[in-house]
Amino acid sequence: MTSPERETLRFNPDNATTDVVERVHAPDGSTRVHKQLRRTGTGTDAPAHWRSSSTPADWNHWAREAEVYADPAFRASLAGTGLDLPAAEVVPDGDTTSLWLEDVPGTAGADFALADHVATATALGRWQARPPHPLPSWASRGFLRAYSTSRPGDPGLVDDDAAWRRPLVRDNWPVDLRAGWRRLLDHREHLVSVVERLPRTLCHLDAWAANAIRRPSGEVVLLDWASAGDGAVGEDLGNWLPDACFDLFWPAERLGELEAACWPAHLDGLRAGGWDGDERDARLGVVASCVKYAWLLPLLLERAAEPEHDAYHRPVDAGHLYRQRGLVLSHLVRWCDEALDLTG
């Protein structure tokens, strides 16, 4: 009997919940994606900020993604929204759980055109317009605060003149970025609290292009639901937009164009789905979520001294990467200022 061929797919190797992600080619020509989840406390060590948890409400609960795929009510709730899940078989096996997922055909998020991003923003709005009450038992709580404050990166580097003189930073970042990021850090607690007080919904909480595939029929399949849970209206879009540029899937010079198309589409989706809340709250959910990235600029300052750089686990030109990320970070400063204006 011929053994199936296995093709390793790109994933975050530091994330303690995941052992492997691979495409499995069966002898009959069919394919499935195999993702193996690892129970907390087993397997290799992981960096502190990627360690998994055995507490169901924690953002990094090891078994959440399996629970999402095994929840028929949640799968049914996506019908008619424009979002979809891959077909899935969940197979527990001692300290691991295997997810056997549909190898979804279509356009990968890394290759999305503007219309695909707009379709995703609209579908997210339709889905999040009427969150389930109560939230599913597997839903995370307190994601934004727990995630954003657990990342590496020394905020003190923002005030370090030597860090800003490193050639990658000096030659590629806007001159006003330093003062803007200091302003964001000074209002970090305020921004997190703002997001926590906004109208709640069920969020993916890792909505970005690498976790999306658009079927030929038009539905956007979202993958990697490992963090999903309680979030603010608008919060997923606030992640989707900058992350498309941070990992070089969309040119940072066109981030304003992307936002100008996706924000009204997202609001239209919310309205079409029956959400009757204040537009200001949805907008705050987008722009105040800039605080999720408060750690990133300090980490980039630290890494600017390294000889090699990557984006989404692939080598890239360092100058191009820092120019692109500098533009996105400046955009987030404008979001910060907008959020502060909206909250008086």
Side-chain angles (χ1 to χ4, degrees), residues 11-12 14-19 35-43 45-78 83 85 88 90 92 94-99 124 127-152 188-189 191-208 211 222-240 243 281 284-285 288-289 291-295:
F11 72 102
N12 180 2
D14 289 334
N15 191 333
T17 65
T18 306
D19 266 332
K35 183 173 184 177
Q36 187 167 279
L37 307 180
R38 181 173 56 220
R39 187 180 296 275
T40 301
T42 63
D45 290 336
H49 60 284
W50 283 118
R51 288 175 189 157
S52 59
S53 168
S54 59
T55 302
D58 286 350
W59 73 270
N60 53 345
H61 177 49
W62 78 275
R64 180 171 294 109
E65 190 170 14
E67 295 180 40
V68 170
Y69 287 131
D71 186 339
F74 175 66
R75 186 176 292 272
S77 74
L78 295 175
L83 295 181
L85 292 178
V90 179
D95 287 336
T96 65
T97 294
S98 284
L99 308 179
L124 282 169
W127 166 50
Q128 292 171 335
R130 293 186 176 179
H133 296 290
L135 289 178
S137 59
W138 45 256
S140 65
R141 272 75 171 173
F143 168 84
L144 181 64
R145 183 179 295 275
Y147 176 90
S148 65
T149 58
S150 67
R151 303 297 88 190
R188 190 175 192 173
E189 175 58 31
L191 292 167
V192 171
S193 297
V194 164
V195 177
E196 290 176 338
R197 293 195 300 267
L198 289 171
R200 314 315 293 165
T201 190
L202 183 59
C203 287
H204 182 281
L205 296 174
D206 194 15
W208 68 308
N211 285 337
L222 288 183
L223 309 170
D224 195 357
W225 292 80
S227 302
D230 173 70
V233 170
E235 188 172 346
D236 270 345
L237 186 64
N239 191 87
W240 179 272
D243 267 9
D281 287 339
L284 263 175
S289 65
V291 73
K292 178 186 176 183
Y293 301 95
W295 57 275

Could you walk me through whether S140 and S227 satisfy the side-chain hydrogen bond (donor to acceptor under 3.5 Å, both in side chains) test, starting with their C-alpha distance in whole Å, then the side-chain angles of each, then the deciding distance to 0.1 Å, before giving a yes or no?
CA-CA 6 Å; S140 65; S227 302; over 6 Å; no
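- By the side-chain hydrogen bond (donor to acceptor under 3.5 Å, both in side chains) test, D281 is found to be paired with no residue, residues two or more places apart in sequence or in another chain being considered.
- Of all heavy-atom pairs spanning Y69 and D224, the tightest one is OH-N, 3.8 Å.
- A distance of 8.5 Å separates CD of E235 from CG of D230, quoted to the nearest 0.5 Å.
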Side chain to side chain contact (heavy atoms under 4.5 Å, CB included) between D243 and Y293: does it pass, once the steps are laid out?
CA-CA 10 Å; D243 267 9; Y293 301 95; 2.9 Å; yes
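- Within 6.0 Å of CZ in R130 there are 12 or fewer heavy atoms belonging to other residues, nucleotides or ligands.
- No side-chain heavy atom of N239 sits less than 4.5 Å from a side-chain heavy atom of H204.
- Scored by the side-chain hydrogen bond (donor to acceptor under 3.5 Å, both in side chains) test, S148 finds no partners at all (sequence neighbours excluded).
- Nearest approach of C203 to Q128, heavy atoms of both residues: CA-NE2, 3.6 Å.
- For the ring pair (Phe, Tyr, Trp, His ring centres under 6.0 Å) criterion with W59, the lone passing option out of Y147, W138, W225 is Y147.
- Scanning both residues, L222 and L85, for their nearest heavy atoms gives O-CD2, 4.1 Å.
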Walk me through whether R145 and E189 qualify under salt bridge (charged side-chain N to carboxylate O under 4.0 Å, His left out).
CA-CA 9 Å; R145 183 179 295 275; E189 175 58 31; 2.9 Å; yes
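- Here CD of E65 is found 11.0 Å from OG1 of T97. Values are rounded to the nearest 0.5 Å.
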